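Down below is the structure, laid out as structure tokens.
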Amino acid sequence: DVTLDGMGHTITGDSSPGEPAILVDGATNVTVGNLTVEGWNGTGGVGIEYDGAEDGVIENVTASENERGLRIGGASSNVTVDTSEVTNSTNAALQIAPSGVPAEQFEVRDSLFNGTKSGSTVALLADSNTSLANNTIANASNHGVFVDDVDGADLTNNTIANASDHGVFVDDVDGANLANNTIENN
């Protein structure tokens, strides 16, 4: 078990391409929390990335002015994002996108995802059993939430507002549940 407690500190990027501020790669039981990651906005830059990680937690994180705020990829499973704030991303504020390997069991709760310059604010791609609950998702330059090629998506009690396209766009999904969401001004 590993816990990275940022104790309120900030990790600032320099716009270098392809670099995450924090990368959890192939590890189990890693918690990242209580920190800010900002300025990782070069092509492919990510505030925090879990790749092939299992049983991870991202909590009390602020990610601002990154290409992607938070990215969960590879064969990651059982990763939770809790009480975090992701703002002003160039692309997705949150992207769950495994690369060619099944990924499952994601929970995203009680967080704010606000503002993208291009793309959807939250993108769920080719994963399974993902829950988005009690989040505010706002000000997307495309869709508020984009769900594609997913088995089991549960979106409940979210506020999704001010997307320039659809509030929620669902394509090629088996078992989607959308309940008690407020979707407005999209």
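Please read these numbers as outputs of a predicted model, since none were measured by experiment.
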- Query: Are side-chain heavy atoms of N177 and T156 found at a separation under 4.5 Å?
  - Reply: yes
- Query: Transitively linked via ILVMFWY side-chain contacts under 4.5 Å: V32 with L23?
  - Reply: no
- Could you tell me whether the side chain of D82 reaches within less than 4.5 Å of the side chain of D110, counting heavy atoms only? yes
- Closest heavy-atom pair and its distance - N142, A163: O-CB, 3.4 Å
- Message: Do T83 and N60 pair up side chain to side chain, a donor and an acceptor below 3.5 Å, judged on atom types alone?
- Response: yes
- Plane angle bin for H166 and F169 - parallel if under 30°, tilted between 30 and 60°, otherwise perpendicular: tilted
- Out of curiosity, L94 CG to T121 OG1, how far, rounded to the nearest 0.5 Å? 10.0 Å
- Item | OG on S131 to CG on D154, rounded to 0.5 Å | 5.0 Å
- Query: Going hydrophobic residue to hydrophobic residue with side-chain gaps under 4.5 angstrom, can you get from V170 over to V108?
  - Reply: yes
- Note on the structure: Rounded to the nearest 0.5 Å, the CG atom of N41 sits from the CD atom of E65 at a distance of 7.0 Å
- Query: Counting distance only, does the side-chain N/O of D174 pair as donor-acceptor with the main-chain N or O of D151 below 3.5 Å?
  - Reply: no
- Only residue of T28, N29, D55 satisfying side-chain hydrogen bond (donor to acceptor under 3.5 Å, both in side chains) with N78 is D55
- Message: Does F113 form a side chain to side chain contact (heavy atoms under 4.5 Å, CB included) with S89? I'd like the steps, not just the answer.
- Response: CA-CA 9 Å; F113 302 97; S89 299; over 6 Å; no
- Query: From N66 CG over to R71 CZ, what is the distance, rounded to the nearest 0.5 angstrom?
  - Reply: 14.0 Å
- Message: Taking T90's backbone N and O only, do any of them form a donor-acceptor pair with S118's side chain (distance below 3.5 Å, no angle check)?
- Response: yes
- List the atom of S111, the atom of S84, and the distance in Å for their closest heavy-atom pair. OG-N, 2.9 Å
- Applying the side-chain contact (heavy atoms from CB on, under 4.5 Å) test to W40, which of I11, I48, V46 qualifies? I11
- Please report the shortest heavy-atom distance between S128 and E104, naming the atom on each side. OG-CB, 3.0 Å
- Item | side-chain hydrogen bond (donor to acceptor under 3.5 Å, both in side chains) partner of N114, chosen from N139, T136, T87, N88 | N139
- Side chain of N135, backbone of N158: donor and acceptor closer than 3.5 Å? no
- Ignoring hydrogens and angles, tell me if any N or O in the side chain of T116 forms a donor-acceptor pair with the backbone of G119 under 3.5 Å. yes
- Any idea which heavy atoms bring E67 and G42 closest together, and the distance? OE1-O, 3.4 Å
- Start with the C-alpha distance between L35 and I22, add both sets of side-chain angles, then the distance that settles side chain to side chain contact (heavy atoms under 4.5 Å, CB included), and finish with yes or no. CA-CA 11 Å; L35 60 86; I22 297 171; 3.9 Å; yes
- Query: Going through the checks in order, is the side chain to side chain contact (heavy atoms under 4.5 Å, CB included) test met by V79 and I96?
  - Reply: CA-CA 10 Å; V79 177; I96 299 176; over 6 Å; no
- Message: Please check this pair: side chain of S76 against backbone of G52, looking for a donor-acceptor N/O pair closer than 3.5 Å.
- Response: yes
- Query: Can L178 be reached from V145 by stepping across I, L, V, M, F, W or Y side chains whose heavy atoms are under 4.5 Å apart?
  - Reply: yes
- Minimum heavy-atom distance between D172 and D148, given as atom pair plus value: CB-OD1, 3.9 Å
- Item | Passing candidate, side-chain contact (heavy atoms from CB on, under 4.5 Å) with E107, options L132, V57, T80 | T80
- Euclidean distance, D1 CG relative to T31 OG1, rounded to 0.5 Å: 7.5 Å
- Message: I need the N180 CG to T159 OG1 distance, nearest 0.5 Å.
- Response: 11.0 Å
- For the side-chain contact (heavy atoms from CB on, under 4.5 Å) test, which of V86, T36, T10, N34 pairs with T62? T36
